[in-house]
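These notes concern the structure reproduced below.
Positions are given from 1 along the sequence. Computed over heavy atoms, backbone and side chain alike; hydrogens, waters and symmetry mates excluded.
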Amino acid sequence: LQLDTQNFVKSSLIEATQTETASNIRHLICDALSEIAGSLFNEEVNGERRGVSAWPELLPIVFQFYTSGSPMLIESSLKIMNSLFTYAATDFLKSQDELHKIFSDSLNHENDSIKLEALEAFDSLITILEPKECKFFNDLVSPVIKTTMYLLERDPDLSLIHI
């Protein structure tokens with residue numbers, strides 16, 4: 001895609017994520033945003049993977065979504081992180097203190113959808129990291145278990161199989 005088209009698609013997806021109120025549609029938008037970002041991150045230029053330099057403003061925007069205080073944007077940020085960890089885990093780890101706080105806070109959030117997205121994102125990150133990198137998040141194991149049990153008690157039919 002030409003640069004102008006890429007920029008239009010990027011800004012449209014960010015705006016749609018911020019404004020869409022129907023959660024099922026917003027989830028699809030987050031998925032599309034993540035897939036496009038992943039594709040851009042994996043794109044090679046002169047034999048080198050572009051990584052987050054292909055969309056440098058995206059990670060700060062995802063963190064801004066989380067800090068907005070809006071449950072809708074918090075959930076969206078976790079959903080996007082969940083997908084982007086596959087492509088940019090090392091870039092996210094540059095902000096590991098912030099990530100730790102995000103997981104700690106969202107696992108204890110009052111909103112069950114945010115708790116579920118936090119579980120899924122945490123699982124995605126831990127699955128990708130090297131064991132030595134996981135140690136930083138060891139103290140979150142107990143909240144992860146408590147949150148999992150809480151969500152299963154609230155909805156026994158909840159599918160947590162992939163977590």
Side-chain angles (χ1 to χ4, degrees), residues 1-43 45 49-128 140 143-144 147-148 150-151 154-155 157-163:
L1 291 176
Q2 291 184 359
L3 189 57
D4 287 346
T5 306
Q6 279 186 24
N7 290 334
F8 174 77
V9 169
K10 290 176 188 178
S11 63
S12 296
L13 287 169
I14 295 294
E15 182 181 339
T17 301
Q18 293 171 309
T19 58
E20 180 57 55
T21 56
S23 64
N24 61 330
I25 302 297
R26 193 175 57 260
H27 290 174
L28 293 172
I29 294 166
C30 290
D31 290 343
L33 184 152
S34 298
E35 286 301 314
I36 289 171
S39 181
L40 291 172
F41 291 176
N42 278 338
E43 195 175 72
V45 175
R49 188 177 160 272
R50 289 180 66 195
V52 295
S53 67
W55 194 346
E57 63 276 8
L58 181 59
L59 270 56
I61 288 170
V62 170
F63 283 123
Q64 287 173 1
F65 282 179
Y66 187 85
T67 59
S68 72
S70 160
M72 179 180 83
L73 290 178
I74 292 170
E75 183 182 351
S76 295
S77 72
L78 291 164
K79 186 157 192 57
I80 293 167
M81 282 185 216
N82 181 7
S83 297
L84 290 184
F85 287 147
T86 303
Y87 307 103
T90 55
D91 294 295
F92 275 102
L93 282 181
K94 293 174 185 172
S95 303
Q96 72 179 10
D97 290 334
E98 191 172 359
L99 263 184
H100 187 285
K101 181 168 177 21
I102 285 171
F103 287 127
S104 180
D105 291 350
S106 48
L107 288 167
N108 293 302
H109 201 278
E110 62 189 21
N111 184 308
D112 288 354
S113 295
I114 290 173
K115 288 179 181 187
L116 181 58
E117 288 298 337
L119 282 174
E120 291 178 353
F122 185 77
D123 174 65
S124 177
L125 179 64
I126 294 302
T127 303
I128 292 166
L140 294 176
V144 164
T147 302
T148 302
Y150 167 82
L151 290 173
R154 300 254 308 163
D155 185 357
D157 296 326
L158 187 65
S159 176
L160 295 174
I161 293 171
H162 61 282
I163 294 180

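- Taken to the nearest 0.5 Å, the CD1 atom of Ile80 stands 6.0 Å off from the OG atom of Ser76.
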Return all side-chain donor-acceptor pairs below 3.5 angstrom for residues 102-111, not counting sequence neighbours, or 'none' if the list is empty.
| residue | atom | partner | partner atom | Å |
| --- | --- | --- | --- | --- |
| Asp105 | OD2 | Lys101 | NZ | 2.7 |
| Ser106 | OG | Ile102 | O | 2.5 |
| Asn108 | ND2 | Ser104 | O | 2.8 |
| His109 | ND1 | Asn111 | N | 3.0 |
| Asn111 | OD1 | Ser113 | N | 2.8 |
| Asn111 | OD1 | Ile114 | N | 3.2 |

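- Residues forming a side-chain hydrogen bond (donor to acceptor under 3.5 Å, both in side chains) with Glu117 (at least two apart in sequence, or on another chain): none.
- Note that the OG atom of Ser53 and the CG atom of Leu40 stand 10.0 Å from one another [nearest 0.5 Å].
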List, one per line, each side-chain donor-acceptor pair under 3.5 Å for residues 9-19, sequence neighbours excluded.
| residue | atom | partner | partner atom | Å |
| --- | --- | --- | --- | --- |
| Lys10 | NZ | Ala54 | O | 3.0 |
| Ser11 | OG | Asn7 | O | 3.1 |
| Ser11 | OG | Phe8 | O | 3.2 |
| Ser12 | OG | Phe8 | O | 2.8 |
| Thr17 | OG1 | Leu13 | O | 2.8 |
| Thr19 | OG1 | Glu15 | O | 2.9 |

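- Using a 4.5 Å heavy-atom threshold, the side chains of Leu84 and Leu58 count as touching.
- Taken from OG in Ser23 to NE2 in His27, the straight-line distance is 5.0 Å, to the nearest 0.5 Å.
- Residues meeting the salt bridge (charged side-chain N to carboxylate O under 4.0 Å, His left out) test with Arg50, sequence neighbours left out: Glu43.
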Could you walk me through whether Tyr66 and Val62 satisfy the side-chain contact (heavy atoms from CB on, under 4.5 Å) test, starting with their C-alpha distance in whole Å, then the side-chain angles of each, then the deciding distance to 0.1 Å, before giving a yes or no? CA-CA 7 Å; Tyr66 187 85; Val62 170; over 6 Å; no
Scan the side chains in residues 85-99 for donor-acceptor partners under 3.5 Å anywhere in the protein, sequence neighbours excluded, and list what turns up.
| residue | atom | partner | partner atom | Å |
| --- | --- | --- | --- | --- |
| Asp91 | OD1 | Lys94 | NZ | 3.3 |

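- Contacts of Lys79 classified as salt bridge (charged side-chain N to carboxylate O under 4.0 Å, His left out), with partners at least two apart in sequence or in another chain: Asp31.
- The line from CE of Met72 to OG1 of Thr21 is 7.0 Å long, rounded to the nearest 0.5 Å.
- For Thr127, the side chain to side chain contact (heavy atoms under 4.5 Å, CB included) test picks out Asp123, with sequence neighbours left out.
- Applying the side chain to side chain contact (heavy atoms under 4.5 Å, CB included) test to Glu20 and every residue at least two apart in sequence or in another chain returns Ala22, Ile25, Arg26, Ile29.
- Between the OH atom of Tyr150 and the CG atom of Leu119 there is a distance of 12.0 Å, given to the nearest 0.5 Å.
- In plain terms, the two heavy atoms of Leu140 and Pro143 that are nearest each other are O-CD, 3.1 Å.
- Within the 3.5 Å criterion, the main-chain N or O of Glu120 finds no donor-acceptor partner in the side chain of Ser124.
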Checking Leu151 against Thr147 for the side-chain contact (heavy atoms from CB on, under 4.5 Å) test, could you report, in this order, the C-alpha distance in whole Å, the side-chain angles of both residues, the deciding distance, and whether it holds? CA-CA 6 Å; Leu151 290 173; Thr147 302; 4.0 Å; yes
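- With sequence neighbours excluded, no residue forms a side-chain hydrogen bond (donor to acceptor under 3.5 Å, both in side chains) with Ser34.
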